[in-house]
Amino acid sequence: MRWSHYFIPTLREDPADAEVVSHKLLLRSGLIRQLGSGIYSYLPLAQRAVLKIANIIREEMNAVGGQEFYLPALHPAELWQESGRWSIMGQNMFRLKDRKNGDYCLGMTHEEVFTDIARKELRSYKQLPQVWYQIQSKFRDEPRPKSGLLRVRQFTMKDAYSFDIDTDGLDKSFEDQRGAYCRIYERCGLEYVIVEADTGAMGGSASNEFMVYTSAGEDMVASCPECGYAANTEKARSAIPAVDDGPVDLGIEKFPTPGVRTIEDLVTFPGGAVAEKQIKTLVYVSVAEKGNEAQTTPFLALLRGDHPLNEVKLANAVAKLVNKDGWEQTAVRPAHPEEILELMGARAGSLGAVGLTKTWILADEALKGRKNMTTGANEDDHHLRGVSIDRDIRVTSWVDLRTVAEGEGCPDCDGKLRVAKALEVGHIFKLGTKYSDSMGARVLNADGKETSLIMGCYGIGVERILAAAIELHNDESGIIFPVTIAPFQVVVSPLNMKDADLKATADGIYADLGRSGIEALYDDRDERAGVKLNDADLVGFPFQIRIGPKKLKEGKVELYDRATRIAEDVPVESVVEITKQRIADALQKLNG
RNA sequence: CGGGGCGUAGCACAGCCUGGUAGUGCGCUCGGUUUGGGACCGAGAGGUCGGAGGUUCGAAUCCUCUCGCCCCGACCA
């Protein structure tokens, strides 16, 4: 490929709209252009990289018995209504109508479509297991697209689904996928961690996320350097020291606290209490749907004064109370001020759960057995001290509601947790029978009885791998592509196209590289050396062959390694062979 | 959905407060010089100032509405 006629619109300056490194570099290096908010066009270089990533994924999926499909992105609403996700997905789903006013949506994921095929075609346990996958566009109307390719509204996903007859089969399918995922990320040059994760709107039992540590990430991962425990903070647990409440049980006492509105206020208020001795009382609302009906249920969440609430944990906990008799929780949100006043008879700042029986009270486990606590009196400008949880508060359920913090104890060993930002590049779930039950996907087992298919689903964001690789591998000059996913493996740069010797040498090297099966880009542009070298560095081709006048007189050219920034002088006649070897070594290192 | 910011040439921005000829740098085209880390000289092309309405003799500039984009938060397989 000749650069002079290849479309690589590099930018000298950082685009104003870009914030994170990968976004800046993807734009500057001429890989992508924005079409709309969260919608990007992939230019030729990006397309080459995306195809390489997709091929790595394809090879590893096929290696664990995956069969590649290609399903529609346009789905009839009925399918999603059957699974119940037409309402659960809410505004995140792109919806449209056809000319006959029929409801359709653009697929956010493909459980429904694959399950539909499975229920229509699979009849016997003898056909199982099946592992089906595709690499296809997904559409999500994200509330806030951002960070270039990291959070977008249309993206490419590899989504795989396994169908097994029993949980042993599911366990095997899950482990196969997990192994394939590890190989995929390794081959793409990503350092990753596998974490315990929340299953969210997917439903199901177990799930693992594959995370790449980067400040551009949107999740927080808690991990233990001692034992390897790692979990998304939406799920992470931690060990914390018990608080000594003293030997005697002081009685309940109401006291006036004018102007006190926050935990912090009460800490400094004379006669108040330190945060660890306070009970934080939060009012939340669960929103649920049943067919066309909707209901809202206010409830209380209690935490130790200094502990931050984790809304994902809260939503999961309250869903267990809400989801019955056909009701399905669609959202959990903080209560509005007027809802708080109606339920509690007091305003936020003076709330407390003592004596309340009319509503659910979800209490964090860290409050278990605590006594002599201070909390709101449910009367504006008054608090209670000497509260014993067991005696004074009727807790509906004890659950883990708190967000773990850096430095807290590992739940599995004596280590201390670290908490760091990370980017989710893959997620694998044990779904169980959520979809097969709701959509009636059953086969006959060995006993001749109908049994629901046991499913797993496994997703990888293809562009996120590209963006994550750039987040991880870059320097002040630009991208440093891992050789496995680089758009081209080497760029040939004669530093002056008007010098006939340089040009002739470059022509020859480029032709030889092609014959050797190396993916080379020939920078035949009539540009100054500085422009060529800077562009080559910016785009991040793993190797550069630089052909300059001085060294050519000695019969030598430079082979430059983008990652190490080391240039070695090699004889013209052997540069192709040496380059071939370098690329092979680099590929070997990642592909194993 | 709440908060903040920005829409002026392909890109980055100035001009707006205080209304009166639409500018700068990079990029682009042509000619010349130059050629190992984003050259130089000369000559050019390129803009309904996001859109609509209003105020005014006159609007990029003031007012109203609207659309789009970015950031923070909320939200989020």
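All chains are named by letter (A, B, ...) in the order of the sequence lines, taking the proteins before the strands, and each is independently numbered beginning at 1. Because the structure is predicted, anything quoted here is derived from the model rather than measured.
Residue A:Arg333 is out of contact with every strand shown, counting any heavy-atom pair closer than 4.0 Å. At a threshold of 4.0 angstrom between heavy atoms, the contacts of A:Pro334 with the nucleic acid are absent. Within 4.0 Å (heavy atoms only), A:Gln91 reaches no atom of the nucleic acid at all. Heavy atoms of A:Asp499 sit nowhere under 4.0 angstrom from any nucleic acid atom. Residue A:Met497 is out of contact with every strand shown, counting any heavy-atom pair closer than 4.0 Å. Residue contacts shown for A:Ser477 are absent, as no nucleic acid heavy atom lies under 4.0 Å away. In this structure, A:Asp159 reaches neither bases nor backbone, as no heavy-atom distance under 4.0 Å exists between it and the strands shown.
To the nearest whole angstrom, the two P atoms, one in B:A45 and one in B:U33, are 24 Å apart. Across the P atoms, B:G46 and B:U29 are found 15 Å apart, a figure rounded to whole Å. The separation of B:C26 from B:C40, taken at their P atoms, amounts to 7 Å, rounded to a whole angstrom. Atom name C1', nucleotides B:C6 and B:A60: the rounded distance is 15 Å, in whole Å. B:G47 and B:U21 have their C1' atoms separated by 15 Å, given to the nearest Å. Nucleotides B:U24 and B:C62 are separated by 23 Å at their P atoms, to the nearest Å. Across B:A9 and B:C28, the matching C1' atoms stand 11 Å from one another, rounded to whole Å. Here the separation of B:G7 from B:G42, taken at their P atoms, is 32 Å to the nearest Å.
Contact check for A:Val221 versus A:Val419: no side-chain heavy atoms found under the 4.5 Å cut-off.
Checked by distance alone, A:Arg546 brings a side-chain donor or acceptor within 3.5 Å of a matching partner on the base of B:G37. For A:Asn496 against B:G36, a side-chain-to-base donor-acceptor contact under 3.5 Å is absent.
Within the model, atoms CD1 of A:Ile479 and CG of A:Leu45 stand 8.5 Å from one another, a figure rounded to the nearest 0.5 Å.
For B:G47, there is no paired base (Watson-Crick or G-U wobble, both distances below 3.5 Å). Pair assignment for B:C62 gives B:G54, based on Watson-Crick or G-U wobble hydrogen-bonding distances that are each under 3.5 Å. Taking a pair to require two hydrogen-bonding distances under 3.5 Å in either a Watson-Crick or a G-U wobble arrangement, B:C40 pairs with B:G32. Checking B:A22 for Watson-Crick or G-U wobble geometry (two distances, each under 3.5 Å) identifies no partner in any strand. Across every strand in view, B:C1 sits in a pair with B:G73 that passes the Watson-Crick or G-U test at under 3.5 angstrom. Base pairing analysis places B:A9 opposite nothing; no Watson-Crick or G-U wobble pair with both distances below 3.5 Å involves it.
Between A:Lys556 atom NZ and B:G36 atom C1' there is a gap of 17 Å when expressed in whole angstrom units. In this structure, CD1 of A:Ile8 is placed 17 Å from C1' of B:G27, rounded to the nearest angstrom. The distance from atom CG of A:Asp526 to atom P of B:A39 is 13 Å, rounded to the nearest whole Å. Spacing between atom CG of A:Leu11 and atom P of B:A12 amounts to 8 Å, rounded to whole angstrom units. Rounded to whole Å, the distance from CG on A:Asn310 to P on B:A74 is 12 Å. Rounded to whole Å, atom C1' of B:A12 lies 13 Å from atom CG of A:Leu27. The separation between A:Ile39 atom CD1 and B:C70 atom P is 10 Å, rounded to whole Å. Here B:G37 presents its P atom at 14 Å from CZ of A:Arg565, a figure rounded to the nearest Å.
Between B:G36, B:C70, B:G38, one nucleotide has an atom nearer to the side chain of A:Asn534 than all others, and that is B:G38. Looking at the side chain of A:Arg528, the nearest of the listed nucleotides B:U34, B:C76, B:G36 is B:U34. With distances taken from any side-chain atom of A:Glu142 to the nucleotides B:G38, B:C76, B:G37, the minimum falls on B:C76. When each of B:C11, B:G38, B:G36 is scored by its nearest atom to the side-chain atoms of A:Glu13, the top-ranked nucleotide is B:C11. Closest to the side chain of A:Glu527, out of B:C69, B:C28, B:U35, is B:C28. Set against B:G38, B:A12, B:C70, the side chain of A:Ser37 has B:C70 as its closest nucleotide. Comparing B:C13, B:C70, B:G36 against the side chain of A:Gln34 picks out B:C70 as the nearest. Side-chain proximity of A:Lys146 to the nucleotides B:C70, B:G38, B:C71 is greatest for B:C71. Distance from the side chain of A:Arg151 is smallest for B:C76 among the nucleotides B:C69, B:U34, B:C76. Distance from the side chain of A:Arg144 is smallest for B:C71 among the nucleotides B:C71, B:C70, B:G38.
Within a 6.0 Å radius of CD in A:Glu338, other residues, nucleotides and ligands contribute more than 12 heavy atoms. By the neighbour-count criterion of 12 heavy atoms within 6.0 Å, atom CD of A:Gln81 is densely surrounded, having more than that number from other residues, nucleotides or ligands. The number of heavy-atom neighbours closer than 6.0 Å to CD of A:Glu264, taken from other residues, nucleotides and ligands shown, is 12 or below.
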**OP:** List the steps, then state whether ring pair (Phe, Tyr, Trp, His ring centres under 6.0 Å) holds for A:Phe210 with A:Tyr185.
**Re:** CA-CA 9 Å; A:Phe210 291 75; A:Tyr185 297 120; 5.4 Å; yes
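Note on A:Arg12: a side-chain N or O is less than 4.0 Å away from OP1 or OP2 of B:G27.
Mapping A:Glu218 and A:Ala529 onto RNA chain B by nearest heavy atom places A:Ala529 at the nucleotide closer to the 5' end. Residues A:Arg153 and A:Ile460 both approach RNA chain B. Their nearest nucleotides, taken by heavy-atom distance, put A:Arg153 toward the 5′ side.
One finds no salt bridge joining A:Glu19 and A:Arg151 here, because no Lys/Arg side-chain nitrogen approaches an Asp/Glu carboxylate oxygen to under 4.0 Å. Comment: A:Arg582 engages A:Glu568 in a salt bridge, judged by a side-chain N to carboxylate O separation of less than 4.0 angstrom.
Ring centers of A:Phe69 and A:Phe114: under 6.0 Å apart, within the cut-off.
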